[in-house]
Undergrad: 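One structure follows; several queries about it will come next.
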Amino acid sequence: MKKLYPLLAFLLVVSIAALYGLDYYRNLREQQREQTAHLLASCVNQGLLALFRLQANDWRAQPDFHSEQKRKLKEVEAQLPQQLLEGQPFAEWQEATVICDKLTRHSNLQHETIFRPLGDFAAPKMSDSRTLKDRNALKHRLRVIDQLKISAQAADRYLQDLLADIDNQLRNSNLSPQSRERALREINSQVLDFYRKGKFSKTQVDAHLQRVGRFYRLLADNPEGYSLRGGSLYFYDRNLRREIDNLNSAILQGEAQFYGNWAQIVERQQLQYK
């Protein structure tokens, strides 16, 4: 019996050590999941902050602003892992950095789809009266208008597409089910719950673009019906002048509302996540 005491004592020590090791491992995994979720939530938030900077831009003053924001978002995303990592990198952290990079690239593509044509539309080249009779210039203008219609679709679906992208990236990642669930929960509670779809009106945007497209087609299709005098249009055809005047009046009245739509694609509900 006495010989059993050392063996029982040894087994007790081993059991305690195993329990301690298991508890340590569980705590470590929980900390790693927390860091992974925080990185992904921060990544999603940076994409939304870039969107808000784009929404606030004066596109007639800075028509190429989307290129600058694309570069800045990539720089911010590249710095997040080193800013947020505590301790040594681990497998799921590395996977999270890959997911973050994909989400950032997709955000930049989404922003470019929405705002690059808007910058082209607002650029001086679009309204240059010296090229109103130029067929190539007309093709360019109509191409920009068609791209803006696609932009309006993307703007109208922004949050919906973002949610689908996040879900797709997490679902197809090498993160554990527990880490995916934790990341999605933090992305929602710490970021997405603070935002909602804005008052962007695709109907208003499409109506304005239809009027602008009609305006340029009329001028291009009737090159003999008017001339340029001192930078202004002079019409020989009374009916053409009347239609152009009506279109131009409607365009000018709807211009502020048109640009205002692009400033309210997404709205904040509370203070953003930091």
Side-chain angles (χ1 to χ4, degrees), residues 51-67 69 110-158 160-161 197-267:
L51 170 70
F52 273 84
R53 287 190 289 271
L54 289 163
Q55 286 187 170
N57 181 50
D58 180 349
W59 291 96
R60 282 162 287 197
Q62 299 185 91
D64 198 40
F65 188 64
H66 67 91
S67 297
Q69 288 306 304
Q110 198 174 16
H111 296 166
E112 185 170 10
T113 297
I114 293 171
F115 292 106
R116 181 184 56 77
L118 184 62
D120 292 341
F121 185 79
K125 181 179 179 180
M126 190 76 177
S127 56
D128 187 354
S129 60
R130 295 170 298 180
T131 62
L132 288 174
K133 294 188 178 186
D134 189 313
R135 299 298 298 182
N136 289 329
L138 171 67
K139 290 179 182 178
H140 168 76
R141 290 180 173 111
L142 296 181
R143 185 165 58 249
V144 169
I145 290 170
D146 286 341
Q147 289 170 344
L148 264 174
K149 293 177 181 177
I150 296 172
S151 297
Q153 293 176 359
D156 193 48
R157 293 174 49 90
Y158 186 88
Q160 184 178 346
D161 289 342
K197 185 176 179 179
K199 297 180 178 64
F200 179 88
S201 173
K202 184 176 177 298
T203 301
Q204 291 176 358
V205 168
D206 286 342
H208 185 78
L209 293 176
Q210 185 175 1
R211 287 191 291 266
V212 174
R214 175 65 178 164
F215 175 85
Y216 286 126
R217 285 190 183 93
L218 277 174
L219 293 180
D221 291 343
N222 296 276
E224 304 302 323
Y226 68 96
S227 61
L228 292 171
R229 297 184 179 182
S232 299
L233 298 177
Y234 179 81
F235 293 93
Y236 309 118
D237 187 295
R238 188 174 300 174
N239 292 328
L240 177 62
R241 180 173 67 244
R242 185 182 303 111
E243 185 168 3
I244 287 291
D245 285 346
N246 289 338
L247 274 173
N248 193 44
S249 177
I251 289 169
L252 291 175
Q253 288 177 12
E255 190 173 58
Q257 189 177 49
F258 169 78
Y259 283 105
N261 269 295
W262 304 91
Q264 50 188 358
I265 295 168
V266 173
E267 294 177 348

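Just so you know, these numbers come straight off a predicted model, no measurement behind them.
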Undergrad: Using the test side chain to side chain donor-acceptor pair (under 3.5 Å), find all partners of Asp146 that sit at least two apart in sequence or belong to another chain.
TA: none
Undergrad: Look at the side chain of Asn57 and the backbone N and O of Arg53, then say whether any donor-acceptor pair between them is shorter than 3.5 Å.
TA: no
Undergrad: Can you name the side chain to side chain donor-acceptor pair (under 3.5 Å) partners of Asp120, sequence neighbours left out?
TA: Arg116
Undergrad: Quick one: pull up OG in Ser151 and CD1 in Ile265 and give me the separation to the nearest 0.5 Å.
TA: 9.0 Å
Undergrad: Who passes side chain to side chain donor-acceptor pair (under 3.5 Å) against Glu267, sequence neighbours left out?
TA: Arg196, Lys199
Undergrad: Looking at Asp237 and Arg241, is there a salt bridge between them, counting it only when a charged N and a carboxylate O are closer than 4.0 Å?
TA: no
Undergrad: List for me each residue that meets side chain to side chain contact (heavy atoms under 4.5 Å, CB included) alongside Ser67, sequence neighbours excluded, and say none if there are none.
TA: Asp64
Undergrad: If every non-hydrogen atom of Pro223 is compared with every non-hydrogen atom of Lys133, which pair is closest and at what distance?
TA: O-NZ, 2.9 Å
Undergrad: Once rounded to the nearest 0.5 Å, what's the spacing between atom CG of Asn222 and atom CG of Leu132?
TA: 12.5 Å
Undergrad: Shortest non-hydrogen contact from Ser227 to Tyr236?
TA: OG-OH, 3.0 Å
Undergrad: Which residues pass the ring-ring contact (aromatic ring centres under 6.0 Å, His included) test with Tyr158, not counting sequence neighbours?
TA: His111
Undergrad: Can you name the residues that form a ring-ring contact (aromatic ring centres under 6.0 Å, His included) with His66, not counting sequence neighbours?
TA: none
Undergrad: Locate the shortest heavy-atom distance separating Ala154 from Ile114; write the atom from each residue and the value.
TA: CB-CG1, 3.6 Å
Undergrad: CG of Leu118 to OG1 of Thr113: how many Å apart, nearest 0.5 Å?
TA: 13.0 Å
Undergrad: Less than 4.5 Å apart, side chain to side chain, heavy atoms only: is that true for Phe115 and Gln69?
TA: no
Undergrad: Less than 3.5 Å apart, which donor and acceptor atoms pair up between the side chains of residues 209-220 and the rest of the protein, not counting sequence neighbours?
TA:
unit_1, atom_1, unit_2, atom_2, d
Arg214, NE, Glu243, OE2, 3.2
Arg214, NH2, Glu243, OE2, 2.8
Tyr216, OH, Met126, O, 3.0

Undergrad: Nearest 0.5 angstrom please: Gln264 CD to Ser201 OG, how far?
TA: 8.5 Å
Undergrad: Does anything in residues 251-264 form a salt bridge (Lys or Arg N to Asp or Glu O under 4.0 Å)? List the pairs, not counting sequence neighbours.
TA: Arg60-Glu255
Undergrad: List for me each residue that meets side chain to side chain donor-acceptor pair (under 3.5 Å) alongside Lys197, sequence neighbours excluded, and say none if there are none.
TA: Asp156
Undergrad: Which ring-ring contact (aromatic ring centres under 6.0 Å, His included) pairs, counting each pair once, include a residue from residues 126-157, with sequence neighbours left out?
TA: none
Undergrad: Which pair of heavy atoms, one from Ala155 and one from Phe200, lies closest together, and at what distance?
TA: CB-CZ, 3.7 Å
Undergrad: Measuring from atom CG of Leu54 to atom CD of Glu112, what distance do you get when rounded to the nearest 0.5 angstrom?
TA: 11.0 Å
Undergrad: Taking the inter-plane angle between the rings of Phe121 and Tyr259 on a 0 to 90° scale, is it parallel (under 30°), tilted (30 to 60°) or perpendicular (over 60°)?
TA: tilted
Undergrad: Residues in ring-ring contact (aromatic ring centres under 6.0 Å, His included) with Tyr226, at least two apart?
TA: Phe235
Undergrad: Side chain to side chain contact (heavy atoms under 4.5 Å, CB included) between Ile251 and Phe258: does it pass, once the steps are laid out?
TA: CA-CA 9 Å; Ile251 289 169; Phe258 169 78; over 6 Å; no
Undergrad: Is there a side chain to side chain contact (heavy atoms under 4.5 Å, CB included) between Asp221 and Arg135 once you walk through the steps?
TA: CA-CA 9 Å; Asp221 291 343; Arg135 299 298 298 182; 3.3 Å; yes
Undergrad: Where do Gln55 and Ala263 come nearest, in terms of heavy atoms and distance?
TA: NE2-O, 3.3 Å
Undergrad: What residues form a side chain to side chain contact (heavy atoms under 4.5 Å, CB included) with Ala137, not counting sequence neighbours?
TA: Thr131, Asp134, Arg141
Undergrad: For the CG atom of Leu247 and the CG atom of Leu252, what is their distance to the nearest 0.5 Å?
TA: 11.0 Å
